[in-house]
Amino acid sequence: MQVSGVTIGFPMPVSLLSKPVRAGFPSPADDFIEEEIDLQRLLIVNRPATFLVRVSGDSMLLARLHDGDLAVVDRSLTPRNGDIVVVDIDGERSFKVWRRQGPRITLHFANPRFPEFQLSPDAVIEVWGVVSSSVSPRRRSE
């Protein structure tokens, strides 16, 4: 797992089409550009507490975090039920799904091919941050 600090320079607006594009059957759509959005502002709420973490492996597939993706991790957020967290367990950093059942907290993989995740009773656990968004490259470099 690689962790990188977030460097924010000048705003880099990207054009946003005025109408959503259907993911099913095509529909006539115009190419009118409604506005521009700044991806830095969209993805990063608390810059000093935000890091990019490269995903390695396939334990989080059902959470839509794939090998090679960049997870935007905010260390200032408190985990809520169902959040994806970066957690240190006995010194090993990994992604897990945070579940709360009453006072009990459990951590889970998001891939049915993985066995149920079991914490040892004496495990040292630290939540490093909460995944607030991710960037998933669709065309990998050759």
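All values below were derived from every heavy atom in this structure, side-chain atoms included, with hydrogens, water molecules and symmetry-related copies excluded. Heads up: numbering here begins at 1 and tracks the sequence. Not measured: the values here are computed from a predicted model.
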Item checked: side chain to side chain donor-acceptor pair (under 3.5 Å) between Ser134 and Asp69, intermediate numbers included -> CA-CA 7 Å; Ser134 64; Asp69 287 357; 5.1 Å; no

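- Applying the side chain to side chain donor-acceptor pair (under 3.5 Å) rule to Asp122 yields the partners Ser120; only residues at least two apart in sequence or on another chain are considered.
- For residues 71-80, the side chain to side chain donor-acceptor pair (under 3.5 Å) pairs, not counting sequence neighbours, are Asn46-Ser76, Asp74-Ser76.
- Identified under the salt bridge (charged side-chain N to carboxylate O under 4.0 Å, His left out) test for residues 94-108, with sequence neighbours left out: none.
- Side-chain contact between Asp67 and Ser56: present, with at least one pair of heavy atoms (C-beta onward) separated by less than 4.5 Å.
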Next item on the list: Carefully, step by step, assess Val86 and Phe51 under the rule side-chain contact (heavy atoms from CB on, under 4.5 Å).
Entry: CA-CA 11 Å; Val86 175; Phe51 294 82; over 6 Å; no

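- Not counting sequence neighbours, the partners of Asp58 by the salt bridge (Lys or Arg N to Asp or Glu O under 4.0 Å) test are Arg113.
- Applying the 4.5 Å side-chain rule to ILVMFWY residues, one finds Val85, Val87, Ile89, Trp98, Ile105, Leu107, Phe109, Phe114, Phe117, Leu119, Ile125, Val127, Val130 in the same cluster as Leu77.
- Legend: residues meeting side chain to side chain contact (heavy atoms under 4.5 Å, CB included) with Val135, ordered by chain and number and at least two apart, are Leu43, Leu70.
- No side-chain heavy atom of Val72 sits under 4.5 Å from any side-chain heavy atom of Val131.
- Both Val97 and Trp128 belong to a common hydrophobic cluster when Ile, Leu, Val, Met, Phe, Trp and Tyr are linked at side-chain heavy-atom distances under 4.5 angstrom.
- One finds the CG atom of Leu42 at 7.0 Å from the OG atom of Ser133 (value rounded to the nearest 0.5 Å).
- Looking at residues two or more places apart in sequence or on another chain, you find a side chain to side chain contact (heavy atoms under 4.5 Å, CB included) between Ala63 and Met60, Ile84, Ala110.
- Side-chain heavy-atom separations under 4.5 angstrom define the hydrophobic clusters, and Leu62 shares its cluster with no other residue.
- By the side chain to side chain donor-acceptor pair (under 3.5 Å) test, Gln118 pairs with Glu116, sequence neighbours left out.
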